[in-house]
Amino acid sequence: MRLGRGLVLTGALAAGGYWLARYLRPQHSTLILADKVVLITGASTGIGRALAFAFARRGARVALVARSADRLEAVRREIEPYSAEVLAVPADLTDEAQLEAAVTRTLEHFGRIDVLVNNAGAIHGGRLIDLDPARIEQVLRLNLWAAIRLTQLSLPSMLARHSGYILNVASGLGRVAVPQVSTYVASKYGLAGFTDALRRELGGSGVRMTLVLPSWTHTDMLAPETKDVIERYGFRIDYPDEVAEQAIAALVAGRHEVILGGPLALLGVAVERYFPFLLRLYWRIFMTQEWSDAMSALGGEEAR
Ligand SMILES: NC(=O)c1ccc[n+]([C@@H]2O[C@H](COP(=O)([O-])OP(=O)(O)OC[C@H]3O[C@@H](n4cnc5c(N)ncnc54)[C@H](OP(=O)(O)O)[C@@H]3O)[C@@H](O)[C@H]2O)c1
């Protein structure tokens, strides 16, 4: 009798373990990037530029989108020698007509989009009551609305071929609510939620979504004085090349979500999810004037 129950229990555990392993396994670990057409937004600097290099090195054909035609052209020239094909598409993605034109131009040139990388982003920090409403709108339009519209416009070509990949670059602040960057946090929580919901909507369609949550990264987004304070608070600041490599590894492995920035970033996300009161307490103690000044300086000249 006892032996029978033991066998049933072992069988149930084995079946549960098998189901869990299948459920958690990467879905598309066979993605080969050579010759894939990749549209990367925000490709003129920072993480987007690093992503453009990393995709090109893997043999992908890349369309680079950002506002500055000069900087895009410089990146295009740097990548060209070892890329299958590079196209620079200057566009302001907060403008509907320019956003649509960027997708149309890419489709006309390459005939399809295999991988859409929603990376372009901007930040605006400081206390909400001090923020410029026009700049709030710009940040939300770029970080969230543009990513949604680009996805909407790229999907038909992917769905028709039952194949496509969307890599959304959010932020650790898309899962952890840090004060004094509330509108940026709103845009990144929005992008994370959009990714989660659309992934479910697209289940079985052949279109896969990966959400990358980078931690603080050495780019133009962080003013030098902000970096000092972030490091004094104990946070790690990554380099764009590392972020790009890890983002592509996650995409190729079929990961749904990857949190970058090391153990402290992972801990932050876990504490926010399961023990949010601890973060409320933390920010009661540590929201100093120094932190406020550092957040107000985010985004560099453009944010002012
Ligand atoms: N740096 C960090 O600490 C950090 C941390 C976590 C997540 N992230 C996220 O990573 C992504 C890349 O940020 P980054 O740090 O690499 O910033 P970045 O160096 O400032 O790059 C931002 C990119 O977006 C482009 N861009 C800005 N406004 C645009 C617009 N209206 N239309 C089209 N393109 C526009 C910029 O080019 P133009 O100026 O030429 O348009 C640039 O190529 C963002 O989504 C950001 O939120 C950054």
Side-chain angles (χ1 to χ4, degrees), residues 39-54 63-76 88-103 117-125 134-135 137-147 149-150 167-176 178 181 183-192 195 211-224 226-227 229-231 235-244 246-247 258-261 265 268-269 294-295 297-303:
L39 187 160
I40 306 166
T41 68
S44 61
T45 55
I47 295 170
R49 179 177 177 276
L51 280 164
F53 274 83
L64 314 173
V65 183
R67 286 167 308 178
S68 160
D70 292 349
R71 279 190 299 193
L72 271 189
E73 181 53 25
V75 176
R76 194 193 67 75
V89 188
D92 182 340
L93 295 173
T94 61
D95 180 274
E96 169 81 33
Q98 293 189 41
L99 180 146
E100 280 184 27
V103 175
V117 183
N118 284 311
N119 164 78
I123 198 163
H124 191 28
R135 178 72 187 153
E137 188 179 342
Q138 251 186 337
V139 167
L140 292 172
R141 262 184 102 76
L142 180 63
N143 296 8
L144 185 55
W145 174 86
R149 281 293 290 137
L150 286 164
L167 179 65
N168 284 342
V169 180
S171 162
L173 305 196
R175 296 287 191 209
V176 181
V178 168
V181 263
T183 54
Y184 179 78
V185 166
S187 71
K188 295 299 182 176
Y189 264 70
L191 186 59
T195 310
L211 180 70
V212 181
L213 309 171
S215 180
W216 302 105
T217 309
H218 287 284
T219 69
D220 296 348
M221 215 174 240
L222 303 189
T226 309
K227 288 184 190 176
V229 175
I230 287 169
E231 281 176 333
F235 298 111
R236 190 173 101 183
I237 307 184
D238 290 336
Y239 285 90
D241 289 342
E242 304 166 344
V243 173
Q246 291 182 70
V258 60
I259 300 161
L260 308 182
V269 173
M295 292 304 101
L298 278 168
E301 279 311 306
E302 197 173 3

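Counting convention: from 1, in listed order, for ligands and their atoms alike. Residue indices begin at 1 and follow the sequence shown.
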Please classify the [X] to ligand 1 contact at 4.0 Å (heavy-atom distances, strictly less than): side chain, backbone, both or neither.
X: Arg71; answer: side chain
X: Ile47; answer: both
X: Ser215; answer: backbone
X: Ala122; answer: neither
X: Thr219; answer: side chain

Is there a polar contact between ligand 1 and [X], counting only N or O atoms under 3.5 Å apart?
X: Lys188; result: yes
X: Pro214; result: no
X: Gly42; result: yes
X: Asn143; result: no

- Message: Run the side-chain contact (heavy atoms from CB on, under 4.5 Å) test on Arg175 and Leu213 for me, step by step, so that the C-alpha distance in whole Å, both residues' side-chain angles and the decisive distance to 0.1 Å come before the verdict.
- Response: CA-CA 8 Å; Arg175 296 287 191 209; Leu213 309 171; 3.5 Å; yes
State the atoms of ligand 1, each with its element, that fall below the 4.0 Å cut-off from a heavy-atom position in [X].
X: Asp92; answer: 30 (C), 31 (N), 32 (N)
X: Ala43; answer: 43 (O)
X: Gly46; answer: 16 (O), 19 (O)
X: Thr94; answer: 31 (N)
X: Leu142; answer: 27 (C), 28 (N), 29 (C), 30 (C), 31 (N), 32 (N)
X: Ser44; answer: 36 (C), 37 (O), 38 (P), 40 (O), 42 (C), 43 (O)
X: Leu93; answer: 30 (C), 31 (N), 32 (N), 33 (C)

- Residues Asp220 and Thr45: side-chain donor-acceptor under 3.5 angstrom: no
- Cut-off 3.5 Å, side chains only: do Arg135 and Gln138 have a donor facing an acceptor? yes
Closest heavy-atom pair and its distance - [X], [Y]:
X: Pro214; Y: Leu260; answer: CA-CB, 4.0 Å
X: Leu173; Y: Val178; answer: CD2-CG2, 3.4 Å
X: Arg67; Y: Pro90; answer: O-CB, 4.0 Å
X: Ala91; Y: Ala102; answer: CB-CB, 4.0 Å

- Does even one non-hydrogen atom of Ala91 get within less than 4.0 Å of ligand 1? yes
- Decide whether the shortest distance between a heavy atom of Thr41 and an atom of ligand 1 is less than 4.0 Å. no
- Item | Those residues that, when tested against Arg149, pass salt bridge (Lys or Arg N to Asp or Glu O under 4.0 Å) (two or more places apart) |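 Scan of Arg149 (salt bridge (Lys or Arg N to Asp or Glu O under 4.0 Å), adjacent residues dropped) gives Glu96, Glu100.
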- With sequence neighbours excluded, tell me which residues meet salt bridge (Lys or Arg N to Asp or Glu O under 4.0 Å) with Arg76.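 With neighbours one apart ignored, the set is Glu73, Glu80.
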- Item | Pick from Gly172, Ala170, Gly121: the one approaching atom 9 (C) of ligand 1 most closely through a non-hydrogen atom | Ala170
- Taking the minimum heavy-atom distance to atom 8 (N) of ligand 1, which of Phe235, Tyr184, Trp216 ranks first?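 Ranked by closest heavy atom to atom 8 (N) of ligand 1, first place is Tyr184.
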- Message: Please evaluate residues Trp145 and Thr94 with respect to the criterion side-chain contact (heavy atoms from CB on, under 4.5 Å), reporting the C-alpha separation (whole Å), side-chain torsions for both, the decisive distance (0.1 Å), and the verdict.
- Response: CA-CA 8 Å; Trp145 174 86; Thr94 61; 5.6 Å; no
- Item | Rounded distance (nearest 0.5 Å) linking atom CG of Asp241 with atom OG1 of Thr217 |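 The OG1 atom of Thr217 is 11.0 Å from CG of Asp241, to the nearest 0.5 Å.
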- Query: Parallel, tilted or perpendicular: which describes the rings of Phe235 and Trp216, with under 30° parallel and over 60° perpendicular?
  - Reply: tilted
